[in-house]
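Only heavy atoms go into these numbers, but all of them, side chains included; no hydrogens, no water, no symmetry mates. Not measured: the values here are computed from a predicted model.
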Amino acid sequence: MAIIRTDGIRRFKVAALGAAALMASAAVAAAESVITWMYVEAQPNVIEVWRGIAEQFEKDHPGVKIEMKFLENQAFKAKIPTLLQSSEAPSMFYTWGGGVLKAQAQTGMLRDVTGALDANGGAWRNTINAAAVDALTFDDKVWAAPFRTGVVAFYYNKELFQKAGVDASTIKTWGNFTDAVKKLKAAGITPIAGGGGDKWPLHFYWSYLAMRQAGHQGFVDAKAGKGDGFASEPFVKAGEYLAELGKLEPFQNGYLGATWNDALAAFGDGRAAIILSFENTPGTQAVNSTSGKGLPVENIGRFPFPALDGAPGVVTDNFGGINGWTITKNAPPETEEFLKYFSSPDVQRKLARDAKILPVAKGASDAVSDPLLKVAAEAIANETWHQNFLDQDLGPNVGAVVNDMSVAIVSGQQSPADAAQQIQDAFSLENP
């Protein structure tokens with residue numbers, strides 16, 4: 001009778017099982033989805049909050065890894081068009097919405113999130129404020145997942161105002177504002193921190209003045225190509241107000257070469273009394289200050305951009321972004337799931353509480369506790385019109401001209417009428 005040895009068979013089975021396990025392990029590793037997340041946020045505490053949210057998502061979704069990548073604001077704007085066309089395109093990246101987002105969508109390098117928002121009876125869409133979704137929608141498709149709203153306003157140093165004898169509560173009109181600038185100068189205090197080197201910080205002034213002078217209907221008409229558009233009288237008049245401010249020499253020395261971070265540092269160091277800035281200013285001024293601590297929050301006040309006498313615009317017409325995250329066409333399918341999680345009410349409450357954002361999830365604003373942020377949230381809740389940043393809203397080409405002309409007007413390099421005409425010429429080329 002032949003004797004059959006089973007030890008070799010057992011060894012073969014063990015080896016086979018081991019090989020199968022190795023192959024399975026390799027398959028899992030190969031199947032890992034890596035979501036690359038590109039952002040422009042510079043506050044370490046905010047990034048830490050985001051990292052915690054990403055780590056929790058990774059824990060709940062084995063096989064998914066989130067890599068966070070930072071690009072400085074100006075570098076981001078310059079590089080993202082090239083990155084979108086390369087193999088290094090991030091899975092998701094920051095957006096301000098508007099015409100720039102629309103232009104990016106038209107390249108075919110993004111995928112819209114409409115289907116994800118509307119899946120399961122619109123379960124995701126129904127958790128987000130409709131205005132936030134609408135702001136990121138073009139041609140009936142949603143091109144980014146909203147995550148926060150914002151409003152630009154004046155922030156001021158209470159001690160410096162007191163030293164100059166300026167009462168911020170009396171600043172209701174543009175004339176009140178320029179009077180305050182004069183008082184600050186007379187007291188030997190630099191009135192305003194400006195970032196002319198980056199240009200876009202100064203477009204806040206022209207944009208708000210145009211909003212106040214033209215009113216909502218005036219903007220609607222200009223965008224519709226009615227009359228002289230952005231070269232019409234209200235937009236020229238807005239430039240005249242800005243030129244008058246420039247003649248007061250209100251900004252810190254060297255402001256035309258200063259970056260936005262330089263402007264925040266000037267305000268945070270107490271070297272300038274005012275900054276026209278975002279709702280997260282209390283945090284960003286501290287991070288960018290020389291000490292890293294900046295002004296104590298109790299020394300920072302806030303007031304809205306004032307009205308113009310006799311003009312239709314009102315102080316409840318707000319200027320600011322509705323920000324979101326876009327998804328590139330080759331991003332892992334889990335990217336939508338992560339953004340759904342990121343904009344969920346519980347996470348949005350955490351972001352409102354710990355990262356000091358104005359959330360987009362319905363009901364999440366009850367987590368806003370910071371006093372200055374609460375004022376910003378109330379301003380948005382009671383607003384009569386919300387205008388997105390013009391350098392984003394009007395598209396990259398027109399937006400660049402708006403930024404250039406804002407700097408040219410305030411520095412006296414261009415007349416308000418010529419500047420308005422250049423903006424209109426650029427707009428006409430993009431909208432024949």
Side-chain angles (χ1 to χ4, degrees), residues 39-41 43 46 49-50 53 73 92-102 113 117 124-138 142-155 200 203-204 207-208 211 216 219 276-284 302-305 314-326 339-393:
Y39 61 92
V40 297
E41 178 60 59
Q43 297 183 78
V46 174
V49 173
W50 288 359
I53 293 169
N73 190 301
M92 51 180 274
F93 63 91
Y94 189 81
T95 181
W96 292 268
V100 172
L101 173 60
K102 185 176 183 179
V113 297
L117 283 168
W124 181 7
R125 183 190 288 267
N126 293 336
T127 64
I128 303 175
N129 292 327
V133 176
D134 291 345
L136 302 172
T137 301
F138 305 104
V142 187
W143 290 100
F147 89 99
R148 75 176 184 188
T149 58
V151 57
V152 170
F154 281 114
Y155 290 82
W200 59 261
H203 110 284
F204 290 173
S207 300
Y208 250 135
M211 288 175 65
H216 189 196
F219 258 77
L276 184 57
S277 186
F278 310 100
E279 68 284 345
N280 62 356
T281 296
T284 54
R302 178 193 185 279
F303 59 91
F305 199 95
V314 293
V315 294
T316 50
D317 291 342
N318 288 328
F319 180 72
I322 296 180
N323 305 114
W325 303 103
T326 64
L339 288 177
K340 180 180 179 181
Y341 176 67
F342 196 78
S343 62
S344 64
D346 286 346
V347 172
Q348 285 272 294
R349 286 189 181 93
K350 179 178 179 61
L351 289 167
R353 184 181 65 250
D354 300 337
K356 312 299 183 189
I357 72 159
L358 295 175
V360 295
K362 294 176 181 177
S365 59
D366 59 8
V368 176
S369 58
D370 180 87
L372 286 172
L373 199 61
K374 272 191 171 182
V375 175
E378 290 168 3
I380 289 177
N382 297 314
E383 66 186 7
T384 45
W385 166 33
H386 193 100
Q387 173 58 52
N388 190 16
F389 304 119
L390 290 186
D391 64 340
Q392 299 292 321
D393 189 53

Next on the checklist: Counting the benzene-type ring for Trp, do Y39 and W50 have ring centres under 6.0 Å apart?
Outcome noted: yes
Checklist entry - Taking atom CG of L390 and atom CZ of F204, what is their separation to the nearest 0.5 Å? => result 10.5 Å
Checklist entry - So, does E279 use its side chain to make a donor-acceptor pair with the main chain of V151 at under 3.5 Å? => result yes
Checklist entry - What distance do Y155 atom OH and N280 atom CG have between them, rounded to the nearest 0.5 Å? => result 8.0 Å
Checklist entry - Does anything in residues 343-355 pair up under salt bridge (charged side-chain N to carboxylate O under 4.0 Å, His left out), and if so which pairs, sequence neighbours excluded? => result D346-R349, R349-D366, K350-D354
Checklist outcome for this item: Shortest non-hydrogen pair, V152 vs F389, comes out as CG2-CE2, 3.7 Å
Next on the checklist: For A379, is there any backbone N or O sitting under 3.5 Å from a side-chain donor or acceptor partner on N318?
Outcome noted: yes
Item to check | Aromatic ring proximity Y94/W325, centre distance under 6.0 Å | outcome: yes
Checklist entry - Roughly how far, to the nearest 0.5 Å, is CG of N73 from CH2 of W200? => result 5.5 Å
Checklist entry - Under 4.5 Å between any side-chain heavy atoms of I357 and Q348, yes or no? => result yes
Item to check | Pairs satisfying salt bridge (charged side-chain N to carboxylate O under 4.0 Å, His left out), at least one member in residues 373-385, at least two apart | outcome: none
Checklist outcome for this item: Sorted by chain and number, sequence neighbours left out, side chain to side chain contact (heavy atoms under 4.5 Å, CB included) with A377 holds for L358
Checklist entry - What is the minimum heavy-atom distance between A145 and V113, and which atoms define it? => result N-CG2, 4.3 Å
Checklist entry - With sequence neighbours left out, which residue pairs that include part of residues 348-388 fulfil the ring pair (Phe, Tyr, Trp, His ring centres under 6.0 Å) condition? => result H216-W385, F219-W385
Checklist entry - Got a second to check how far K356's NZ is from T284's OG1, nearest 0.5 Å? => result 13.5 Å
Next on the checklist: As an exercise, state the distance from CE of M211 to CG of D317, rounded to the nearest 0.5 Å.
Outcome noted: 5.0 Å
Item to check | Minimum heavy-atom distance P359-T149, with the two atoms named | outcome: O-OG1, 4.4 Å
Next on the checklist: Filter on salt bridge (charged side-chain N to carboxylate O under 4.0 Å, His left out), then keep only pairs touching residues 142-153, sequence neighbours left out; what's left?
Outcome noted: none
Checklist entry - Taking all non-hydrogen atoms of both residues, which atom of P146 and which atom of S343 are closest, and how far apart? => result O-CB, 3.7 Å
Item to check | Stepwise side-chain contact (heavy atoms from CB on, under 4.5 Å) check, D391 with W96 | outcome: CA-CA 10 Å; D391 64 340; W96 292 268; over 6 Å; no
Taking only distance into account, with no hydrogens and no angle test, what donor-acceptor pairs under 3.5 Å do side-chain atoms of residues 127-138 form with protein atoms, sequence neighbours excluded?
residue	atom	partner	partner atom	Å
T127	OG1	W124	O	2.7
N129	ND2	V360	O	3.2
T137	OG1	V133	O	2.7

Next on the checklist: For a quick test of reading the model, state the closest non-hydrogen atom pair linking P345 to A361 and the distance between them.
Outcome noted: CA-CB, 3.8 Å
Next on the checklist: Parallel, tilted or perpendicular: which one describes the rings of Y208 and F305, with boundaries at 30° and 60°?
Outcome noted: parallel
Next on the checklist: Could you report the tightest heavy-atom contact between A352 and L373, atom names first, then the distance?
Outcome noted: O-CD2, 4.3 Å
